[in-house]
Amino acid sequence: MDQKGYRRGSFQSATSDEDMLEIAGASMDFSMADDDPPLDREMGGFSSYNGGGMNGTSTMMDFLEEPLPGVGTYEDFNTIDWVREKSRDRDRHREITNRSKESTWALLHSVSDAFSGWLLMLLIGLLAGSLAGLIDISAHWMTDLKEGVCLAGFWFNHEHCCWKSNTTFTDRDKCPEWKSWSQLILGHGEGAFAYILNYLMYVIWALMFSLLAVLLVKGFAPYACGSGIPEIKTILSGFIIRGYLGKWTLVIKTITLVLAVSSGLSLGKEGPLVHVACCCGNILCHLFTKYRKNEAKRREVLSAAAAAGVSVAFGAPIGGVLFSLEEVSYYFPLKTLWRSFFAALVAAFTLRSINPFGNSRLVLFYVEFHMPWHLLELVPFILLGIFGGLWGAFFIRSNIAWCRRRKTTHLGKYPVLEVFVVTAITAILAFPNEYTRMSTSELISELFNDCGILDSSKLCEYVNDFNSTKGDDLPDRAAGPGVYTAMWQLALALIMKVFITIFTFGMKVPSGLFIPSMAVGAIAGRLLGVAVEQLAFYHHDWPIFSGWCSQGADCITPGLYAMVGAAACLGGVTRMTVSLVVIMFELTGGLEYIVPLMAAAMTSKWVADAIGREGIYDAHIRLNGYPFLEAKEEFSHKTRAMDVMRPRKNDPPLTVITQDSMSVEDVETIVSSTTYSGYPVVVSRTSQRLVGFVLRRDLIISIENARKKQDGIVSTSVICFTDYCPPLPPSSPSVLKLRSILDLSPFTVTDETPMEIVVDIFRKLGLRQCLVTHNGKLLGIITKKDVLKHIAQMANQDPDSILFN
């Protein structure tokens, strides 16, 4: 038997993170010589699973008296056993509690074990907040580098460069310390040649940034591309993706995220920041035995890390916790809720201490609106919700179709060329329009802005009548030529953003979707807000305006419409509701605008769900074939366990192992001739009475180690899974007792169990497999993959789209 990944020679020392199972816990490196032990080397388990230590005779001994490295861990692209992991943790906790009564040292160990979770959350918050601050500052500087450089210090971005300048408020962006590339090279910034030079430098910098990003991703960490949220949802559901949350992925994702955002591509950093925070959480889990050894406990940490990621991405700690609960987490107990809140708090505090935007805020687009909204404005808000739902459904279908084409054609073989072409098109189209040339975050900030007296933006070029000004509030005014110019430019920017984002999301660079979606909605909202404002100004005597919007009053706030539109489009794409509204009011400080945000978010979700049930992350999970059981969907078909189990009619019989009558050679033959992840253990082939279930990986490691270290174990040795093995002739070789790796309580259902109950069991218990019995006799097995295939078949989809075992 020479199975890849299991036989002799397969446990040699790994040379890179990609060779080790960073997230899965099934490290393929078991040499004890390394200074830095792999992730789960000690994951031998606890007494209830990995080493009961049965006493035997001279010819019958239980090899697993001591826990073996690797037993109880998992392969890459497999699902963890939630029930076993939780049972392990309960046993560990029970043992620590019992020992704490014996000595002061054991009591201190018990206290430190209880405190370790909070300490881990503190470290995750500090690291995630620091990295987010570094990314924000670097991206801001490199984005401005495309347009010019600061003579006072090249490391200053445009805004920081002009802080100490003596220029007037209206000319604050034209300070002498900041030079555009044409001013630096030609000595002047006016004229056609200067414009062409600035245009050329903008495109060159954008191409340099994006090409460097895609080459780093391709060369060092292929998992650093994309948003990361679909994969994190899958990992949190119990799936294992080797290296996805490893050290190299963290380093490369942090660097390339700055490059991708700075290149001007239609993408954001918010989704990838969740991936970065989860990488921090996974790596810091190595410091604590409790989390290093247990996959279920580690996923609790990753849920909290996801909350910290959203907290620093949007400056929204509460929204981050709700996002983790609503959108990404599969298992979210109350303890995880508290720890997520603490991690999000520490991360937000760390980012606030760094102050990356220089405005003492956690986000770039904090706004304060002065006027309340009127009940009649719910109509345009709901219209924005409808637009957001339509845009979300259109984007998901178009993007999935493009990504599927990328997967199934030669396009996927040329990621560098694809990034080059999309960046070139984006940069060439973006530069002539000032609203697409600026970074997307700055665009959203400007669209959210409520025009004041000192605002010099074209969006605020109204015809001023200062006689009617009362205090700080400006009345609704007639739009000037600058506003009309801005409207045309914004309309063109909207068209560009709608289409270019479809081709950008999913490329081989880090790419978030939150900011581009919000930008589309904010542009649409601002356009609608200005239209309603001008309608109210010129027709204030209409019945719909006469009761609440008299002439000279400040009735309509276009920035509020932009905020509602941003929430609607983000909701249409992601299908978030509660967390979205909380993120938006934390993001903008608009606490009294919760009702408009709720109305737009719900309308957006209803409209988008009417067209297609999946959000963008669920659609990408299905596209990639990840084994993710969606907890939100109901299974309503009247099928039974016998319709789904294997073996089916006319299939070969189920492969089983008997409890005390098979030799080592027989078991090795079964393992080498099949690819199953585990085998039922029965009393005998004739009775088919179920004894338990043994995992393939545990079986191979145990036999291999027994051959090396236990005298008398040969191919003809009998393997015994019971406490007392049948008597053998004195001349027979030693018996190999493997009862301690046998799961004596595998989950079973009868053949008549409705599949809706089976699906519910798989969802709520996180099972890998379930055995099917009839009158106590073993009939077959249902795996998570079988359940997913059956659900796809019932939905008239291709059942073979489930790619992973």
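Any value given below was found using the heavy atoms of this structure, including those in side chains, with hydrogens, waters and symmetry copies removed. This is a predicted model, so every value here is computed, not measured. Numbers here simply count residues along the sequence, with the first being 1.
- Within the structure, every pair that satisfies the side chain to side chain donor-acceptor pair (under 3.5 Å) test and touches residues 566-585, not counting sequence neighbours, is listed here: Glu326-Thr577, Glu326-Ser579, Arg575-Asp609.
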Name each donor-acceptor pair under 3.5 Å that joins a side chain in residues 387-394 to protein atoms two or more places apart or in another chain, with its distance.
none

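- Here Lys253 contributes atom NZ and Leu273 contributes atom CG; the two are 9.5 Å apart, rounded to the nearest 0.5 Å.
- Between the side chain of Thr436 and the backbone N or O of Asn433 there is at least one donor-acceptor pair closer than 3.5 Å.
- When atom types are taken as modelled, the side chain of Lys233 and the backbone of Glu327 share a donor-acceptor pair closer than 3.5 angstrom.
- In this structure, Gly268 and Ile515 approach most closely via the heavy-atom pair CA-CB, 4.0 Å.
- Between the side chain of Lys497 and the backbone N or O of Pro516 there is no donor-acceptor pair closer than 3.5 Å.
- No donor-acceptor pair closer than 3.5 Å links the side chain of Glu147 to the backbone N or O of Tyr202.
- Counting non-hydrogen atoms of other residues, nucleotides and ligands closer than 6.0 Å to CE of Met201 gives a total above 12.
- In terms of heavy atoms, Ser511 sits closest to Gly506 at OG-N, 3.7 Å.
- Separating the CG atom in Leu337 from the CZ atom in Arg339 is a distance of 12.0 Å, to the nearest 0.5 Å.
- Ser263 and Ser210 form no side-chain donor-acceptor contact under 3.5 Å, judged by distance and modelled atom types alone.
- When all heavy atoms of Ile502 and Ser398 are compared, the pair lying nearest together is CD1-CB, 3.7 Å.
- Side-chain contact between Thr249 and Tyr244: absent, with no pair of heavy atoms (C-beta onward) separated by less than 4.5 Å.
- Legend: residues meeting side chain to side chain contact (heavy atoms under 4.5 Å, CB included) with Thr603, ordered by chain and number and at least two apart, are Ile382, Ile386, Val607.
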- Task: Show your working on side-chain contact (heavy atoms from CB on, under 4.5 Å) between Ile621 and Thr234 and close with a plain yes or no.
- Result: CA-CA 8 Å; Ile621 285 172; Thr234 310; 3.8 Å; yes
- Going through the checks in order, is the side-chain contact (heavy atoms from CB on, under 4.5 Å) test met by Leu513 and Asn399? CA-CA 11 Å; Leu513 194 57; Asn399 180 252; over 6 Å; no
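- Residues Val217 and Pro510 are in side-chain contact: their nearest non-hydrogen atoms beyond the backbone lie under 4.5 Å apart.
- Side-chain rings of Tyr223 and His275 stay apart, their centers remaining 6.0 Å or farther from each other.
- In terms of heavy-atom proximity, Trp141 sits nearest to Phe156 at CD1-O, 3.6 Å.
- Using a 4.5 Å cut-off on side-chain heavy atoms (C-beta onward), Ile400 and Arg622 make no contact.
- Relative orientation of the Phe431 and Tyr199 rings is parallel, given thresholds of 30° and 60° on the angle between their planes.
- Closest of all the heavy-atom pairs between Lys508 and Pro415 is CG-CB, 3.5 Å.
- Looking at heavy atoms from C-beta onward, Ile232 lies out of side-chain contact with Leu302 at the 4.5 angstrom threshold.
- Rounded to the nearest 0.5 angstrom, Ile616 CD1 and Leu570 CG are separated by 12.0 Å.
- Residues Thr440 and Val261 are not in side-chain contact: their nearest non-hydrogen atoms beyond the backbone lie 4.5 Å or more apart.
- At least one donor-acceptor pair closer than 3.5 Å links the side chain of Arg397 to the backbone N or O of Ile611.
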- Test log, rule side-chain contact (heavy atoms from CB on, under 4.5 Å), inputs Ile229 and Phe323: CA-CA 11 Å; Ile229 293 180; Phe323 174 82; 3.9 Å; yes
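- Without hydrogens or angle criteria, Ser311 side chain to Ala307 main chain gives no donor-acceptor distance under 3.5 Å.
- Here CE of Met208 is found 4.5 Å from CH2 of Trp205. Values are rounded to the nearest 0.5 Å.
- Aromatic ring orientation, Phe503 versus Trp402: perpendicular (interplanar angle above 60°, classes split at 30° and 60°).
- Neither side chain, Glu533 nor Tyr561, offers a donor N or O lying under 3.5 Å from an acceptor on the other.
- Ion pairing between Arg613 and Asp618 fails under the 4.0 Å rule for side-chain N and carboxylate O.
- Side-chain atoms of Ser445 do not come within 3.5 Å of backbone N or O of Ser441 as any donor-acceptor pair.
- Atoms CZ and CG, from Phe505 and Leu265 in turn, are 13.5 Å apart once rounded to the nearest 0.5 Å.
- Minimum interatomic distance between Leu131 and Thr254 (heavy atoms only, all atoms of both residues): CD2-CG2, 4.3 Å.
- Contact check for Glu270 versus Ser227: no side-chain heavy atoms found under the 4.5 Å cut-off.
- Without hydrogens or angle criteria, Ser439 side chain to Glu442 main chain gives a donor-acceptor distance under 3.5 Å.
- Aromatic ring centres of Phe314 and Phe514 lie closer together than 6.0 Å.
- Contact annotation: the side chain of Cys569 never approaches that of Val573 to less than 4.5 Å [non-hydrogen atoms, C-beta and beyond].
- Side-chain rings of His620 and Phe628 stay apart, their centers remaining 6.0 Å or farther from each other.
- Between the side chains of Glu231 and Tyr626, a donor-acceptor pair is found at a separation under 3.5 Å.
- Put simply, the side chain of Asp144 never gets that close to the backbone of Asn157: no donor and acceptor are under 3.5 Å apart.
- Rounded to the nearest 0.5 angstrom, Met507 CE and Cys403 SG are separated by 10.5 Å.
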- Task: Verify side-chain contact (heavy atoms from CB on, under 4.5 Å) between Leu250 and Cys280, making sure each step is shown before the conclusion.
- Result: CA-CA 7 Å; Leu250 174 63; Cys280 296; 4.1 Å; yes
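- Taking 4.5 Å as the limit, some side-chain heavy atom of Glu446 sits within range of a side-chain heavy atom of Met438.
- A salt bridge links Glu418 with Arg406; the closest basic N to acidic carboxylate O contact falls under 4.0 Å.
- The closest side-chain donor-acceptor pair between Ser340 and Ser324, if any, does not fall under 3.5 angstrom.
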